[in-house]
Number of protein chains: 2
Amino acid sequence: MDDIETRELRYFVAVAEDLHFGRAAARLGIAQPPLSRAIRRLEHRMGVVLLERTSRGTRLTAAGEVLLGEARVALDAVSAAVRRTRRAGSPQRSLVLAMKPGGDGGLLPRILAAYESQPDTVPVQFAFSLGERAAMLRSGRADVGLLHHPQNDLRGLASEPLGVERRVVALAEGHPLAARDSVCLADLAGETMPQWPEAAELGPGPVVRDAGELMQLVALGRAVALVGETALDRPHRGVTYRPVRDAPPAMLVVAWPEGSRSRQVAAFVRAARTAADDRVRDRALA
Amino acid sequence: MDDIETRELRYFVAVAEDLHFGRAAARLGIAQPPLSRAIRRLEHRMGVVLLERTSRGTRLTAAGEVLLGEARVALDAVSAAVRRTRRAGSPQRSLVLAMKPGGDGGLLPRILAAYESQPDTVPVQFAFSLGERAAMLRSGRADVGLLHHPQNDLRGLASEPLGVERRVVALAEGHPLAARDSVCLADLAGETMPQWPEAAELGPGPVVRDAGELMQLVALGRAVALVGETALDRPHRGVTYRPVRDAPPAMLVVAWPEGSRSRQVAAFVRAARTAADDRVRDRALA
DNA sequence: GGAGTCGATACCGTTGAGGTATGGACGACA
DNA sequence: TGTCGTCCATACCTCAACGGTATCGACTCC
């Protein structure tokens, strides 16, 4: 009755993303007629119309919109199952850590030291990613991640807070706002902010691929950027930083897939907590 | 490469649950040889051994254990996708509320009144269930639920707290502990506690199917039961209630599937919050 | 009105899912 | 120890359905 195969979901997602049977079929590596038939059969078995076909393209119905979102989640879950099983079966175990370069709030050395001081640890591999690190955890490409709340979408993940980071704005040294001691978000309304290529939908403004490009643009006065205060540890030439009074503070969290009962993940989370607690204590002493 | 079909996952879950190819095949409605081949092909494609076959039965490998858990989650996600899409496509909309009979902490009348006072509401259907209400939300059989934290597993769900309920123990009137003003958990160590048939694994002790049976057993002195303090609103003949000092309080929450962007769910959650806030205010006035 | 685009239909070959019959390994038991 | 029973694997067959090519029908745009 409702035994839908993942192939059918993959086909539907492809069509729903392209809104074009021919292109979707090409992307899937099959011809267009089998794709049309597969989608039609899917609609018939679900008893729901998913697409409105016109001779000039295709649109999603309300039910189709729902299925697009749900199918992506379900396909993520399936490929996560495969990946995690493969990793559990492969003899050489390692722990894949998803993080943004420099996005550790300066905690990473402490965390790794604390992790490796525990018994039975495995090598830690780094999966640097500017974009959706949360998706890497959900899909099983990474085991544990350092991310920011609420900037990252933590749904489907479990997490532990490691500390809050105030946000500062990076400005060119000659920027008018650099004359002030602090700014507020309203002051930045007219400024251009760079964005990562992985953003869900690209707005106006330049696209940058790494922190170097970002700071280059800022130093040139072509953009401003909201960054965590730990960016002050590695200041960039020609860039000055000012606190943003009303920016929501970013909470650095260690996150992992809900329901992961891996010993290694638990050890890493423990190490992260230890490292965060230690830093708080060190700062109190200083 | 990793395009695993849901059929293969269903087959694997069946075998992993039975640890017996023949019985699993019967349950799936197919013959044993195709099932053996399907599992073998699955292992081959994943590059991992999932089962240790002996001529006298079958055991899961470590990787098989991982896949069993992950596959259940993935299959839940797929059937949830189908169910939610069907409901989105069917013209007559309604909101399915999962709850335990009497498990509303006395809030339900207020919640329904608040919900129905909003514009554009749909009929509320009740899905009473003693067992895994959280699973009903995850699999799309219900849209929103009233459950208890931490007694229910809220992973994969979003939730809002509605209030805490202290826990009391229900005792026969002649029970020795009824002589005390309050008890602690250690006092209950030797007592028999009934359990619901949906429990993951049945221990010793009687099984009850509803609150009436439960209270009957308690009144007869055959068992004691930990219940929420709102049970005092409908006391049972021959049963007396005593607070449990160190029992973790149950937090009543309204929960819904993560990522549900349904307008009706949002309206219900809003109504539940309103109802909870109103009751707090009323009690403060009284 | 002709050309072009896009999805649906017709028809065909091949893959593979599922069936039956049987083999082979192993434990139980006399 | 030989026999029987259990349980999974293998061999072989059938047929549904997946995917491919060719073509149609509807609609848009010059």
Side-chain angles (χ1 to χ4, degrees), chain A residues 1-61 63-65 67-68 71 75 78 82, chain B residues 1-61 63-65 67-68 71 75 78 82:
Chain A
M1 185 64 102
D2 58 71
D3 46 346
I4 303 297
E5 297 300 322
T6 60
R7 177 170 23 81
E8 310 184 82
L9 294 182
R10 280 195 301 272
Y11 286 4
F12 172 74
V13 169
V15 175
E17 283 176 350
D18 276 353
L19 295 178
H20 190 292
F21 280 76
R23 276 194 297 276
R27 227 174 29 146
L28 291 166
I30 64 172
Q32 169 259 319
L35 180 59
S36 284
R37 266 180 302 158
I39 300 293
R40 200 158 270 287
R41 186 172 48 246
L42 179 65
E43 285 180 314
H44 186 253
R45 287 215 298 225
M46 306 229 316
V48 168
V49 179
L50 301 169
L51 295 161
E52 274 175 31
R53 291 109 161 133
T54 74
S55 72
R56 211 75 204 152
T58 297
R59 279 215 318 276
L60 282 171
T61 63
E65 297 272 8
L67 184 58
L68 177 56
L75 291 174
V78 171
V82 174
Chain B
M1 185 66 101
D2 57 72
D3 46 346
I4 304 297
E5 296 301 320
T6 60
R7 178 172 20 84
E8 309 184 81
L9 294 181
R10 280 194 301 272
Y11 286 4
F12 172 74
V13 169
V15 175
E17 283 175 350
D18 275 351
L19 295 178
H20 191 294
F21 280 76
R23 275 195 297 275
R27 225 175 29 145
L28 291 166
I30 65 173
Q32 169 259 319
L35 180 59
S36 284
R37 266 179 304 158
I39 300 292
R40 200 157 270 286
R41 186 173 46 246
L42 178 65
E43 286 179 315
H44 186 254
R45 287 214 300 223
M46 306 227 318
V48 167
V49 179
L50 301 168
L51 295 161
E52 273 175 32
R53 291 109 161 135
T54 76
S55 73
R56 212 71 203 155
T58 297
R59 279 216 318 277
L60 281 172
T61 63
E65 297 272 8
L67 185 58
L68 177 56
L75 291 174
V78 171
V82 174

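Computed over heavy atoms, backbone and side chain alike; hydrogens, waters and symmetry mates excluded. Chain A is the first sequence line, chain B the second, and so forth, proteins listed ahead of strands; every chain is numbered from 1.
- Side chain of B/His20, nearest nucleotide from D/dT10, D/dC7, C/dG19: D/dC7.
- In terms of phosphate contacts, B/Arg53 brings no side-chain nitrogen or oxygen within less than 4.0 Å of OP1 or OP2 of C/dC26.
- With respect to the salt-bridge test (charged N to carboxylate O, under 4.0 angstrom), the residues A/Arg23 and A/Glu17 do not qualify.
- Contact annotation: B/Thr58 does not reach the phosphate of D/dC7 (side-chain N/O to OP1 or OP2, under 4.0 Å).
- Counting any heavy atom pair closer than 4.0 Å across all strands shown, A/Arg41 reaches sugar-phosphate atoms only and no base atom.
- When rounded to the nearest whole Å, the span between CD1 of A/Ile30 and P of D/dC18 equals 11 Å.
- The separation between B/Gln32 atom CD and C/dG23 atom C1' is 12 Å, rounded to whole Å.
- Atom P of nucleotide D/dA17 and atom CG of A/Asp3 are separated by 11 Å, given to the nearest angstrom.
- Comparing D/dC18, D/dT10, C/dG7 by their closest approach to the side chain of A/Arg7 singles out D/dC18.
- Screening A/Leu42, A/Val13, A/Ile39 against A/Glu8 for a side chain to side chain contact (heavy atoms under 4.5 Å, CB included) leaves a single residue, A/Leu42.
- For D/dC8, the OP1/OP2 oxygens have no side-chain nitrogen or oxygen of B/Ser36 closer than 4.0 Å.
- Look at CG on B/Leu19: it is 19 Å from P on D/dT6, rounded to the nearest Å.
- Checking A/Thr61 against A/Glu65 by side-chain atom types alone, no donor-acceptor pair falls below 3.5 Å.
- Atom CD in B/Glu52 sits roughly 14 Å away from atom P in D/dC8 (whole-Å rounding).
- Side-chain contact annotation: B/Thr6 with B/Arg10, donor-acceptor N/O pair under 3.5 Å present.
- Nucleotide D/dG19 holds its C1' atom 15 Å from the CD1 atom of A/Ile39, rounded to whole Å.
- Contact between the side-chain N/O atoms of B/Arg37 and the OP1/OP2 oxygens of D/dT10 is not found at any separation under 4.0 Å.
- Rounded to a whole Å, the CZ atom of B/Arg40 is 17 Å from the P atom of C/dG18.
- Comparing C/dA10, D/dG19, D/dA9 by their nearest atom to the side chain of B/Phe21 picks out D/dA9.
- As rounded to whole Å, 9 Å separates atom P of C/dG7 from atom CG of A/Leu35.
- Of the options B/Val15, B/Leu60, B/Leu50, B/Leu9, a side chain to side chain contact (heavy atoms under 4.5 Å, CB included) to B/Leu68 is made by B/Leu60 and by none of the others.
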